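Let me begin by presenting the structure, written as structure tokens, before commenting on it.
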Protein chains: 2
Amino acid sequence: MPTVSSEELAAAAGVNSAKLRKDFSYLGSYGTRGVGYDVEYLVYQISRELGLTQDWPVVIVGIGNLGAALANYGGFASRGFRVAALIDADPAMAGKPVAGIPVQHTDDLEKIIDENGVSIGVIATPAGAAQPVCDRLVAAGVTSILNFAPTVLSVPDGVDVRKVDLSIELQILAFHEQRKAGEEAEAQAGAAAAPAERGNDDKGPDGDVPAVMPA
Amino acid sequence: MPTVSSEELAAAAGVNSAKLRKDFSYLGSYGTRGVGYDVEYLVYQISRELGLTQDWPVVIVGIGNLGAALANYGGFASRGFRVAALIDADPAMAGKPVAGIPVQHTDDLEKIIDENGVSIGVIATPAGAAQPVCDRLVAAGVTSILNFAPTVLSVPDGVDVRKVDLSIELQILAFHEQRKAGEEAEAQAGAAAAPAERGNDDKGPDGDVPAVMPA
DNA sequence: ATGTCTTTGTGAACGCGTGCACAAAGATGA
DNA sequence: TCATCTTTGTGCACGCGTTCACAAAGACAT
């Protein structure tokens, strides 16, 4: 039986072994003292806890460049996601296959959600279309939304929204780049607060990097 | 002079006003006691600290769906980013305009970096091409890389890499979705693939989210 | 001027997560 | 069976960030 010790895993992941063990203890996945963790069992438990063993049908609304990129993205299938449908408001797109999946018109949105039992929706529309699309998704039964449109969506309680802003990561890089370049010019550090839509993750400080700026 | 109090800002952002004031004090941007913060001055200070007042030329390598989506993304310009060049390995793409910018061939990568003084590169290539492209970018002088390819890049010290995995956000949504769905419906998941007879089939304390999963 | 009122800036307390250290548990060999 | 060794699971303490609470500072009215 192939096993790993918390020490090995911690070294590989660059974290503390005690924390790793404590986290594992949450899962109820018990290792064997004197031996370590059964690799196969551990992988299964973590996969299950993260939802990787389930099949999650998702719809992508807005099949522009970004929507098409998402439809083609290979990483989804291996994480338990299945693109149940592609939806676009442009009638000219209807029927045209993207990533092997025929695009359907927005008119059928509710029907598609219902028939496929979709609870997760991805919005890749222009900013102006995002909120109306969001409202229809929610009304049709979607309870989790991944928003790529540059708008803050408002949703009723019980619905999760995560916003992906492609420029934020760039901004973080630029922030560090600025510090690389100008250590001698300005000796001041700072921070700023940005309105958060709903529980965005932020990490602790790295040296004297402000708390709101992810490391 | 239009002003805002830390209390107003904190309420709007959903954070604690004391923390906000403490963060602002890092900037050295002084508010006025009894009045609040001068909005215009505050905006400028934060913009400057975050690097928004600078002009950051970036190159995007790999003009597929995702690269094109990034090139078209409107949020960059307003954050101080300027797409200096689009680069692709496909000779058929060369000269073809995307988002108004003509695509250039990978052969000229070093020249483009050098002539435009680019220090930030975006990689939107297939996984296999990412590391070679990364190496060339670094060799040409790029010190910050935003990686959309599903690969872990290795870079020398002094170079920052941020990896964007489009499926991670979805996975976080699915994780929460799984918890919404209920704790009784997962009996079926255990029977199929589990390496059986491990006794303890129940998951741990059901109340809390494991520390390793972002909120 | 002087007093009152508002809001900042910050020292200090609090709470929480992380890491340490160790007892308990099981493996292994004599 | 007993001793020894390895590694887990976790109580406890420490450190750090967040929050509280208040003195200081400036605006404004009298």
Side-chain angles (χ1 to χ4, degrees), chain A residues 1-46 49 188-196 199-215, chain B residues 1-46 49 195 197-215:
Chain A
M1 181 178 82
T3 60
V4 272
S5 68
S6 62
E7 206 63 55
E8 291 174 282
L9 282 173
V15 298
N16 181 282
S17 66
K19 175 160 169 38
L20 194 144
R21 287 198 296 279
K22 200 164 277 184
D23 281 351
F24 281 2
S25 74
Y26 264 109
L27 298 176
S29 76
Y30 298 125
T32 306
R33 300 183 186 216
V35 176
Y37 297 88
D38 173 19
V39 172
E40 190 187 353
Y41 181 70
L42 188 62
V43 167
Y44 168 73
Q45 280 298 332
I46 294 175
E49 184 67 23
Q188 288 180 336
N200 280 346
D201 45 354
D202 53 350
K203 305 190 67 169
D206 179 26
D208 57 349
V209 176
V212 291
M213 178 60 67
Chain B
M1 180 179 85
T3 60
V4 273
S5 68
S6 61
E7 205 64 56
E8 292 173 281
L9 281 173
V15 299
N16 182 282
S17 66
K19 174 162 170 39
L20 196 143
R21 285 198 298 277
K22 198 163 275 185
D23 281 352
F24 280 3
S25 74
Y26 270 108
L27 295 175
S29 78
Y30 300 124
T32 306
R33 301 182 185 215
V35 176
Y37 297 87
D38 173 20
V39 171
E40 191 185 351
Y41 180 69
L42 190 61
V43 166
Y44 169 73
Q45 281 298 331
I46 294 175
E49 184 65 26
E197 84 206 21
R198 191 47 188 256
N200 197 292
D201 228 6
D202 62 347
K203 39 190 291 196
D206 249 338
D208 306 52
V209 177
V212 290
M213 177 59 65

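Here the structure is a predicted model, which is why all the values come from computation and not from measurement. Residue numbers start from 1 in every chain, and the chains themselves are labelled A, B, ... in the order their sequence lines are given, proteins ahead of strands.
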**Report entry** nucleotides 23-30 of chain D: protein proximity per nucleotide (B base, S sugar-phosphate only, - neither; heavy atom, under 4.0 Å)
**Finding:** -BBBS---
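Distance, B/Leu20 CG to C/dT10 C1': 15 Å, rounded to whole Å. Nucleotide D/dT8 holds its C1' atom 14 Å from the CD atom of A/Glu8, rounded to whole Å. When the P atom of C/dT7 is taken as reference, atom CG of B/Leu42 falls 16 Å away, rounded to whole Å. Atom OH in A/Tyr30 sits about 8 Å away from atom P in D/dG9, given to the nearest Å. Distance, A/Leu9 CG to D/dT7 P: 12 Å, rounded to whole Å. Between the OH atom of B/Tyr26 and the P atom of C/dT10 there is a distance of 11 Å, given to the nearest Å.
A/Phe24 comes within contact range of no nucleotide atom at all, as no heavy-atom separation falls under 4.0 Å. Counting non-hydrogen atoms under 4.0 angstrom, B/Ser17 reaches nothing in the nucleic acid.
Side-chain nitrogen and oxygen atoms of B/Ser25 include none within less than 4.0 Å of the OP1 or OP2 phosphate oxygen of C/dG9. In this structure, A/Tyr37 reaches the D/dG9 phosphate: one of its side-chain N or O atoms is under 4.0 Å from OP1 or OP2.
Taking the side-chain contact (heavy atoms from CB on, under 4.5 Å) definition, one finds that A/Glu8 meets it with A/Val4, A/Ser5, sequence neighbours left out. For A/Ser6, the side-chain contact (heavy atoms from CB on, under 4.5 Å) partners two or more places apart in sequence, or in a different chain, are A/Ser17, A/Leu20, A/Arg21, A/Tyr37. Residues passing the side-chain contact (heavy atoms from CB on, under 4.5 Å) test with B/Tyr41 are B/Ser29, B/Asp38, B/Gln45, sequence neighbours excluded.
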Grab the N/O contacts between the protein and nucleotides 19-21 of chain C below 3.5 Å, and write none if there aren't any.
| unit_1 | atom_1 | unit_2 | atom_2 | d |
| --- | --- | --- | --- | --- |
| C/dG19 | O6 | A/Lys22 | NZ | 2.4 |
| C/dC20 | OP2 | A/Asn16 | ND2 | 3.1 |
| C/dA21 | N6 | A/Arg21 | NH2 | 3.2 |

